[in-house]
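Along the sequence shown, residues carry numbers from 1. Just follow the structure's listing: the first ligand is 1, and inside any ligand the first atom is 1.
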Amino acid sequence: MIGRLNHVGVATPSIDDSVKLYRDILGATDIGEKFALPEQGVWVCFVNFENSQVELIEPYDENSTITGFLKQNPAGGQHHICYEVEDIHVARDEMLAKGVRVLGEPRIGAHGTLIIFLHPKDMGGVLIELMETHK
Ligand code: CO
């Protein structure tokens with residue numbers, strides 16, 4: 001059921017500073033505009049590579065879902081890995097049937113398709129995002 005790796009989520013206290021690392025140090029040339037996702041509590045910016053993408057996320061406000069992560073990792077760091085699935089509801093039911101905790105209901109993510117997150121304690125310490133493939 002698991003599809004291609006879509007992106008790696010990287011939390012940062014400053015998207016502007018992180019963009020400089022990817023652009024000026026690593027030489028990335030395909031970098032999107034920063035945009036707000038207030039309902040997820042984050043600013044987002046996509047850095048595109050030939051075979052995948054980094055999703056830079058910065059807290060939108062104090063109540064952001066990544067505020068706690070940045071308290072523990074003040075410089076930022078790798079936050080989640082996102083794989084594509086055909087159907088998010090089928091994937092959610094399959095995960096629950098296998099005893100994996102799913103965080104929240106399917107909701108629209110940064111790419112405009114439905115997403116869920118799997119509890120890292122059930123997935124070897126990795127926060128995994130599942131995202132419905134663009135149709
Ligand atoms: Co993501």
Between side-chain atoms of residues 23-47 and protein atoms elsewhere (two or more places apart, or another chain), which donor-acceptor pairs fall under 3.5 Å?
residue	atom	partner	partner atom	Å
Asp30	OD1	Asn48	ND2	3.3
Gln40	NE2	Ile108	O	2.7

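Residue pairs meeting the side-chain hydrogen bond (donor to acceptor under 3.5 Å, both in side chains) criterion with at least one member in residues 112-131, sequence neighbours excluded: His7-Glu129, His80-Glu129, Arg101-Asp122. Under the salt bridge (Lys or Arg N to Asp or Glu O under 4.0 Å) criterion, the residue pairs touching residues 75-88 are Arg4-Glu84, with sequence neighbours excluded.
Counting only protein N, O or S atoms closer than 2.8 Å to the Co ion (ligand 1) gives 4.
Contact record, Leu5 with Cys82: CD1-O, 3.5 Å, taken as the closest heavy-atom pair. Here the shortest heavy-atom pairing between Met123 and Ile128 reads CE-CD1, 3.7 Å. Between Ser18 and Thr12 the shortest heavy-atom distance is OG-OG1, 2.8 Å.
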